Amino acid sequence: MDSVILGDLDQRLLLALQLDGRAHFSRIARDLDVSERTITRRYQRLRTLGLRVVGQPVASRLGLTRWLLRLHCTPDAAGSIAEALARRSDTYWVTLASGGTEVYCAFNVRTADQRNALLLQKLPHTPQVLSVSAHCMLRIFVGATSTWHATRFRPEGAAPAVDSGTSTAAPLPLDPTDRTLFTELARDGRLTLPELATAAGRSPSSIQRHLDRLRGEGALSFAVDFDTQLLGYHMTTRLWLNVTPAHLRTVGEALATHPQIAFAAAVTGDSNLVASGIFRDPSDLYDYIDQRISRLSGIQSIQTAPTLREVKRVAPAVP
């Protein structure tokens with residue numbers, strides 16, 4: 001679809017939802033200086049175009065470790081392997097890239113046994129997988145609590161609070177009500193208190209207390225999931241950077257302020273920084289590398305891999 005179907009108010013509404021996915025329409029209407037009826041009508045229209053607001057667990061507050069897999073597959077099997085990974089409850093995004101032979105998969109694990117079951121047992125016995133590289137996410141600079149398409153609406157230079165991938169606090173204990181909330185909000189982050197109360201078998205006031213606790217403790221976040229092609233951005237690209245150790249933090253923090261970057265993390269492996277960017281076209285990507293990446297000190301090399309298809313891009317409920 002052409003980007004002209006979305007106006008300025010639509011984009012401001014998307015930004016407002018990114019700032020607070022559960023903000024009441026009346027508050028958004030006041031902030032945008034329009035009627036609540038207008039906001040409700042625009043929101044419903046965006047929903048028909050694929051807009052979702054989803055609740056997501058913050059891995060570091062729940063005792064989970066994030067990993068990124070990079071699989072090289074035979075061309076005839078990459079799609080089916082990506083679909084199989086997407087069906088797993090522990091994966092939270094899966095993409096197909098590099099001419100249809102490379103699959104990227106991010107997943108959460110709580111124990112080494114869970115990690116090894118996938119890395120040492122399942123994938124090595126899949127003959128269509130030619131190679132596997134596993135990268136532990138050491139520090140997430142932007143995007144861990146967002147879907148790939150949220151960052152485009154972030155103002156230039158603004159770095160949102162994200163799951164850093166590390167936490168010194170003990171994992172937050174969850175009860176059955178908390179787990180029900182994660183499951184329901186992963187489907188629709190704007191479910192009302194009565195709807196959540198019915199699903200959990202609790203009162204609305206109890207649900208509000210649980211939500212306040214999960215959000216206050218940094219264990220629950222909300223993300224905007226929307227196809228940026230509707231805004232004229234038709235090229236999503238993975239960037240693999242090799243950065244000198246002395247500049248790793250500064251480069252990662254710089255990427256977090258770039259509105260083109262939806263995700264950036266320091267990782268283990270040959271490339272120590274991985275990012276995902278959203279661009280209008282190849283020329284836009286070139287300009288970004290030429291004018292933004294080239295100005296950052298410490299970058300020794302860069303690899304780019306355009307995304308062909310996003311097979312899964314919303315985090316699952318807490319295991």
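Because only heavy atoms are used, hydrogens play no part in the values below, and waters and symmetry mates are left out as well, while side chains stay in. The structure presented is a predicted model; accordingly, all values stated were derived computationally and were not measured. Just so you know, residue 1 is the first one in the sequence shown, and it goes up from there.
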### Over all atoms of both residues, closest heavy-atom pair of Gly100 and Ala78
O-CB, 3.0 Å
### Message
I'd like to know if Asp10 pairs up with Arg45 as an ion pair, taking the criterion as any Lys NZ or Arg NE/NH1/NH2 lying under 4.0 Å from an Asp or Glu carboxylate oxygen.
### Response
yes
### Message
Check this for me: does any side-chain nitrogen of one of Arg280 and Asp287 sit under 4.0 Å from a carboxylate oxygen of the other?
### Response
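Salt bridge flag = no for Asp287 with Arg280.
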If you measure from [atom1] on [X] to [atom2] on [Y], what distance do you get to the nearest 0.5 Å?
{"X": "Ser133", "Y": "Leu68", "atom1": "OG", "atom2": "CG", "result": "7.5 Å"}
{"X": "Phe141", "Y": "Ile261", "atom1": "CZ", "atom2": "CD1", "result": "12.5 Å"}
{"X": "Glu253", "Y": "Leu296", "atom1": "CD", "atom2": "CG", "result": "12.0 Å"}

### Query
Picking from Arg209, Arg213, Arg215, what satisfies salt bridge (charged side-chain N to carboxylate O under 4.0 Å, His left out) with Asp178?
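With Asp178 as partner, salt bridge (charged side-chain N to carboxylate O under 4.0 Å, His left out) holds for just one option, Arg213.
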Give a yes or no on whether [X] and [Y] share a hydrophobic cluster (residues Ile, Leu, Val, Met, Phe, Trp, Tyr; joining criterion: side-chain heavy atoms under 4.5 Å apart).
{"X": "Tyr286", "Y": "Ile299", "answer": "no"}
{"X": "Leu49", "Y": "Val53", "answer": "yes"}
{"X": "Leu211", "Y": "Leu172", "answer": "yes"}
{"X": "Leu9", "Y": "Ile28", "answer": "yes"}

### Query
Which residue pairs pass the side chain to side chain donor-acceptor pair (under 3.5 Å) test when at least one of the two sits in residues 293-304, sequence neighbours left out?
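As it turns out, the side chain to side chain donor-acceptor pair (under 3.5 Å) pairs with a partner in residues 293-304, which skip direct neighbours, are Arg70-Gln303.
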Side-chain heavy-atom pair [X], [Y] within 4.5 angstrom cut-off:
{"X": "Arg42", "Y": "Val34", "value": "no"}
{"X": "Leu255", "Y": "Val142", "value": "no"}
{"X": "Ile81", "Y": "Gln128", "value": "yes"}
{"X": "Leu196", "Y": "Leu181", "value": "yes"}
{"X": "Asn272", "Y": "Asn242", "value": "yes"}
{"X": "Val243", "Y": "Thr250", "value": "no"}
{"X": "Leu71", "Y": "Cys105", "value": "no"}
{"X": "Leu273", "Y": "Leu239", "value": "no"}

### Query
For the residue pair Trp240 and Tyr104, does the interplanar ring angle fall in the parallel (under 30°), tilted (30 to 60°) or perpendicular (over 60°) class?
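Geometry flag for Tyr104 against Trp240: tilted rings.
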#### Entry: Distance-only side-chain donor-acceptor flag, Thr38 / Ser35, under 3.5 Å
yes
### Query
Will you find, in the side chains of Arg202 and Thr180, an N or O donor that is under 3.5 Å from an N or O acceptor?
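Looking only at side-chain atoms, Thr180 and Arg202 do not form any donor-acceptor pair under 3.5 Å.
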Tell me if the [atom1] atom of [X] is crowded by more than 12 foreign heavy atoms within 6.0 Å.
{"X": "Asp270", "atom1": "CG", "answer": "no"}
{"X": "Arg12", "atom1": "CZ", "answer": "yes"}
{"X": "Asp33", "atom1": "CG", "answer": "no"}

### Task
Would you please test Phe107 and Arg88 for side-chain contact (heavy atoms from CB on, under 4.5 Å) and show each step?
CA-CA 9 Å; Phe107 66 102; Arg88 294 177 60 96; over 6 Å; no
### Sole candidate of Arg309, Glu310, Arg238, Glu102 that passes side chain to side chain donor-acceptor pair (under 3.5 Å) when paired with Thr95
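Testing each of Arg309, Glu310, Arg238, Glu102 against Thr95, the sole residue satisfying side chain to side chain donor-acceptor pair (under 3.5 Å) is Arg238.
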Donor-acceptor under 3.5 Å ([X] side chain, [Y] main chain):
{"X": "Arg61", "Y": "Glu217", "result": "yes"}
{"X": "Lys312", "Y": "Leu85", "result": "no"}
{"X": "Asp284", "Y": "Asp281", "result": "no"}
{"X": "Thr192", "Y": "Glu195", "result": "yes"}
{"X": "Arg190", "Y": "His24", "result": "no"}
{"X": "Arg52", "Y": "Asp188", "result": "no"}
{"X": "Thr236", "Y": "Thr307", "result": "no"}

### Task
Pick out which of Leu15, Leu19, Leu13 makes a side-chain contact (heavy atoms from CB on, under 4.5 Å) with Leu17.
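Among Leu15, Leu19, Leu13, the one meeting side-chain contact (heavy atoms from CB on, under 4.5 Å) with Leu17 is Leu13.
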#### Entry: Sequence-distant partners of Tyr288, ring pair (Phe, Tyr, Trp, His ring centres under 6.0 Å), two or more places apart
His258, Phe279
